[in-house]
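Sequence positions, counted from 1, serve as the residue numbers for this chain. FYI, side chains are in, hydrogens and waters are out, and symmetry mates aren't considered; it's all heavy atoms of this structure. Being a predicted model, the structure only gives us computed values, none of them experimental.
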Amino acid sequence: PVISSGWTAAAVWMAWLRSSDVTVMTIMILEHMFDHKEQPETTRKCPISRTGAARQVRNGRVGTLPAMDIVIAGAHGKIARLLAPRLVADGHRVRGLIRNPDHARDLEVDGTVPVVCDLEAAEASEVEAVVAGAGAIVFAAGAGPGSSAERKWTVDHGAAKKLIDAAVALGVRRYVIVSSIGADAPPQDDEIFSTYLRAKAQADADLVAARLDHTIIRPVHLLDDAG
């Protein structure tokens with residue numbers, strides 16, 4: 001994978017990774033943002049190998065990022081449920097945004113504070129209320145397989161944009177978004193997956209335009225293998 005990092009325009013492209021690999025990279029990215037928060041820089045590219053990321057892990061922990069309040073959208077998804085316990089183990093407070101209140105107990109087991117918020121339907125004031133006080137946002141939500149083209153726009157783009165707007169309004173500087181490979185040049189046909197990529201691409205573009213300290217992660221296939 002390649003990561004371009006700085007105060008803006010950061011992206012990671014990766015193929016056939018475990019969900020846990022994305023988790024480790026997300027923590028590394030958050031730490032990089034913290035270390036550089038007072039030193040804006042132009043975009044630069046630095047390779048991060050899968051084995052390199054793994055070597056950063058010690059006893060399930062990554063780095064020495066000072067404690068923050070981190071909001072994760074899509075908190076019941078596979079990436080989020082791997083990410084949250086690691087952040088909690090490092091002393092962070094994690095708030096997990098979920099649509100289904102039945103998922104709250106699972107998040108509590110992970111050490112996450114569950115927050116019921118349907119980003120697809122929420123008004124701006126509601127989104128700002130659940131983001132208030134956060135030091136960073138991780139957008140790992142999505143409409144999911146089998147969803148309609150309309151929901152690709154209302155979730156994969158719309159929900160991400162609502163959180164971007166809330167971050168700008170409240171001064172939350174750090175934002176990590178899980179996008180998709182192909183979002184840099186999405187097809188223009190009417191296939192559902194093409195619509196998904198265009199929605200992801202627009203969310204990525206909105207994040208870049210917001211000029212937050214951000215990273216865009218673009219994986220291909222995520223595996224559930226242990227590791």
Side-chain angles (χ1 to χ4, degrees), residues 19 22 26 69-84 87 93-180 183 186 190-212 214-219 222:
S19 297
V22 179
T26 300
D69 189 324
I70 300 171
V71 171
I72 303 178
H76 199 258
K78 293 179 180 179
I79 291 174
R81 294 203 63 200
L82 289 168
L83 173 63
L87 293 174
R93 178 176 185 264
V94 178
R95 284 181 272 164
L97 306 187
I98 51 176
R99 290 196 309 154
N100 186 348
D102 292 341
H103 293 161
R105 180 56 186 158
D106 291 337
L107 268 60
E108 290 169 350
V109 170
D110 295 339
T112 301
V113 177
V115 179
V116 178
C117 178
D118 183 354
L119 289 170
E120 194 173 9
E123 298 294 334
S125 59
E126 297 175 276
V127 178
E128 289 180 14
V130 300
V131 170
I137 294 170
V138 178
F139 186 84
S147 57
S148 66
E150 179 182 2
R151 294 203 66 229
K152 304 302 185 191
W153 283 108
T154 56
V155 179
D156 292 277
H157 170 250
K161 181 62 163 60
K162 288 179 182 180
L163 280 174
I164 293 167
D165 291 344
V168 171
L170 298 173
V172 181
R173 292 297 310 165
R174 304 176 188 91
Y175 195 119
V176 177
I177 188 169
V178 180
S179 180
S180 174
D190 294 330
E191 294 293 327
I192 288 289
F193 188 68
S194 300
T195 301
Y196 163 78
L197 289 177
R198 290 197 296 275
K200 287 293 189 187
Q202 188 60 56
D204 296 351
D206 289 341
L207 181 54
V208 172
R211 299 173 70 86
L212 300 171
H214 72 268
T215 295
I216 300 165
I217 302 175
R218 289 175 175 158
L222 294 178

Side chain to side chain contact (heavy atoms under 4.5 Å, CB included) partner of L207, the single match among L163, V176, T215, I164 = I164
Applying side-chain hydrogen bond (donor to acceptor under 3.5 Å, both in side chains) to S179 and not counting sequence neighbours gives D204
Distance col, row I98:CD1 vs L119:CG, nearest 0.5 angstrom, shows 11.5 Å
Side-chain touch H214/I177, heavy atoms, less than 4.5 angstrom = no
How close do A183 and A201 get, heavy atom to heavy atom, and via which atoms?
-> O-CB, 3.0 Å
Separation between CZ of R211 and CZ of R173, rounded to the nearest 0.5 Å = 9.0 Å
Decide yes or no for E126 and V130: does some side-chain heavy atom of the first lie under 4.5 Å from some side-chain heavy atom of the second?
-> no
Atom pair CD1 (I70) and CZ (R95), whose distance is rounded to the nearest 0.5 Å | 10.5 Å
Do you know which two heavy atoms are closest between H157 and A203, and how far apart they sit?
-> CD2-N, 3.5 Å
Could you tell me the separation between the CD1 atom of I192 and the CG atom of L197, rounded to the nearest 0.5 Å?
-> 11.5 Å
How would you list all residue pairs meeting ring-ring contact (aromatic ring centres under 6.0 Å, His included) that involve residues 118-139, not counting sequence neighbours?
-> none
With sequence neighbours left out, write down each residue that passes side-chain hydrogen bond (donor to acceptor under 3.5 Å, both in side chains) with R81, or none if nothing qualifies.
-> D110
Side chain of K161, backbone of T154: donor and acceptor closer than 3.5 Å?
-> no
Closest approach of G96 to A75 (non-hydrogen atoms, all atoms of both residues) = CA-CB, 3.3 Å
Looking only at heavy atoms, what is the nearest atom pair of W153 and A199, with distance?
-> CZ3-CA, 3.6 Å
Any residue meeting side-chain hydrogen bond (donor to acceptor under 3.5 Å, both in side chains) with Q202, in chain and number order, not counting sequence neighbours = D206
Please report the shortest heavy-atom distance between A169 and E128, naming the atom on each side.
-> CB-OE2, 3.6 Å
What do you reckon, is CD of E150 surrounded by more than 12 foreign heavy atoms closer than 6.0 Å?
-> no
Taking all non-hydrogen atoms of both residues into account, name the closest pair between D156 and G142 and its distance.
-> OD1-CA, 3.4 Å
Which residue pairs satisfy the ring-ring contact (aromatic ring centres under 6.0 Å, His included) criterion with at least one member in residues 97-118, sequence neighbours excluded?
-> H76-H103
Answer whether the closest heavy-atom distance between the side chains of V208 and I216 falls below 4.5 Å.
-> yes
For the side chain of K162 and the backbone of E120, is there at least one donor-acceptor N/O pair under 3.5 Å apart?
-> yes
In chain order, what residues pass the side-chain hydrogen bond (donor to acceptor under 3.5 Å, both in side chains) check against K152, with sequence neighbours excluded?
-> S147
Only one of L107, L97, V94 clears side chain to side chain contact (heavy atoms under 4.5 Å, CB included) with P114; which?
-> L107
Check whether any side-chain heavy atom of I72 sits under 4.5 Å from a side-chain heavy atom of L87, and report yes or no.
-> yes
